[in-house]
There are 2 protein chains.
Amino acid sequence: MALYGERGYEQTTVAQIAERAGLTKRTFFRYFADKREVLFWGAELLERQMVGAIEATPESASALGMIGAALEAAAARFEEFREFAVPRHRIIAASRELQERELIKGVSMIAAMTSALRARGLGDTTADLAAHLCVTVMQVAFRQWVDDPEPRAFQQVADEVLAQLRELACAG
Amino acid sequence: MALYGERGYEQTTVAQIAERAGLTKRTFFRYFADKREVLFWGAELLERQMVGAIEATPESASALGMIGAALEAAAARFEEFREFAVPRHRIIAASRELQERELIKGVSMIAAMTSALRARGLGDTTADLAAHLCVTVMQVAFRQWVDDPEPRAFQQVADEVLAQLRELACAG
DNA sequence: CATACTGATGACACCAAGTGACATCGGCTA
DNA sequence: TAGCCGATGTCACTTGGTGTCATCAGTATG
């Protein structure tokens, strides 16, 4: 991440990364499937925590309640790694290739949450939509959270975004 | 697309594509930024049509109304190219790399629609969310439409998905 | 008609991302 | 001590992608 920050993602070569780490290019590719993957280490963890939050929700919870629980889990993780998440986000935002990778991590999360939501009794389409909504709120809120000049709690931003989404969808 | 269909995306080399087209690898890369881009020719057109549909909407339209108009435009285009869209979708679904490219086209659409929606007076966050919602409905409906054993109108599928989304978001 | 210009293509060399195959080396166990 | 095993290095190779220059056809201009 240091190198990506210094020279930009596209300008840094895997050989340079390997060198700074005291390793070989070949070894790098044994740990990471490709050049981008370095920046997405903890991604499955976030996914698992959000899924876990859905599963841990009380029986009586509504679809929106489960989404809220998943967002709380995400908030906890983002706050925990705030100092790490912000520069990482800047690097990703500067490279189309990295954005692509981030997006596909998003669909992986959607798939995982969809299946968790179905297991909780939601219909196929409803589960899919709920998972999409959750990720949408997370992404929109995340961008606002990162760009916000004075720091706010992610949870609060996400709550506001979710409220606006409901207002939008329920109008008319 | 023929070659991608025959041997799969990863297995076909740009040299082979160029050869079948009677051209050179170099010439291929003068027309397409990279190997994936061949499959995403008309993408900006769909984007422009959806944006245009938003702009062409009556002054009195609600946010949901504008989303609906954009989805109608998408429906028209999908129906027009149904025979083309389905095998193309299968190819993309089989390759992670191609899915990544498709996803980033989606965020491009979101950005364009967001700005169109803001121009129509929506607030920043609301516009962003509405654009996200529109693309979500489009994607979910598209997958159902493609996978549906007996063919239905895309418009109908999209309407149902949108209705379910509203039901989901407005509950409680 | 000759010349010069231009846009599209080919030819070629080159870099960087990955991958496969094999060698090496260190620690651990029988 | 001998043998095994997992992690790493070495090297060669394929492929995506780019920069540079040559070529060539068509066209405008004198």
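Here is how names work: the chains are called A, B, and so on, in the same order as the sequence lines, proteins then strands, and each is numbered from 1.
With rounding to whole Å, B:Phe32 atom CZ is found 11 Å from C:dT9 atom P. Atoms CZ (B:Arg26) and P (D:dT18) sit 7 Å apart, rounded to a whole Å. One can place CD of A:Gln11 at 16 Å from P of C:dC15, the figure rounded to the nearest angstrom. Going from atom CD of A:Glu37 over to atom C1' of C:dG18 covers 14 Å, rounded to whole Å.
When each of D:dT8, D:dT10, C:dG10 is scored by its nearest atom to the side-chain atoms of B:Arg30, the top-ranked nucleotide is C:dG10. The side chain of A:Tyr31 approaches D:dT8 more closely than any other nucleotide in the set D:dG19, D:dT8, C:dT19.
The 12-atom threshold is not exceeded at CD of A:Glu83, counting heavy atoms of other residues, nucleotides or ligands nearer than 6.0 Å. Within a 6.0 Å sphere centred on CD of A:Glu19, other residues, nucleotides and ligands contribute 12 heavy atoms or fewer.
The two atoms that bring A:Ala74 and A:Leu46 nearest to each other are CA-CD1, 3.9 Å, heavy atoms only.
A continuous path of ILVMFWY side-chain contacts below 4.5 Å connects B:Leu39 to B:Phe29, so both sit in one hydrophobic cluster. In the hydrophobic cluster analysis, where Ile, Leu, Val, Met, Phe, Trp and Tyr join through side-chain heavy atoms closer than 4.5 angstrom, A:Ile92 is grouped apart from A:Val107.
Without hydrogens or angle criteria, A:Gln99 side chain to A:Ala93 main chain gives a donor-acceptor distance under 3.5 Å.
Counting non-hydrogen atoms under 4.0 angstrom, B:Thr27 reaches the backbone sugars and phosphates but no base.
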Quick one: which protein N/O atoms are closer than 3.5 Å to N/O atoms of nucleotides 13-17 of chain D? Pair and distance per line, please.
unit_1 : atom_1 : unit_2  : atom_2 : d
D:dG16 : OP1    : B:Lys35 : NZ     : 3.2
D:dG16 : OP2    : B:Thr13 : OG1    : 3.0
D:dG16 : OP2    : B:Val14 : N      : 3.2
D:dG17 : OP2    : B:Lys35 : N      : 2.7
D:dG17 : N7     : B:Lys25 : NZ     : 3.1
D:dG17 : O6     : B:Lys25 : NZ     : 3.0

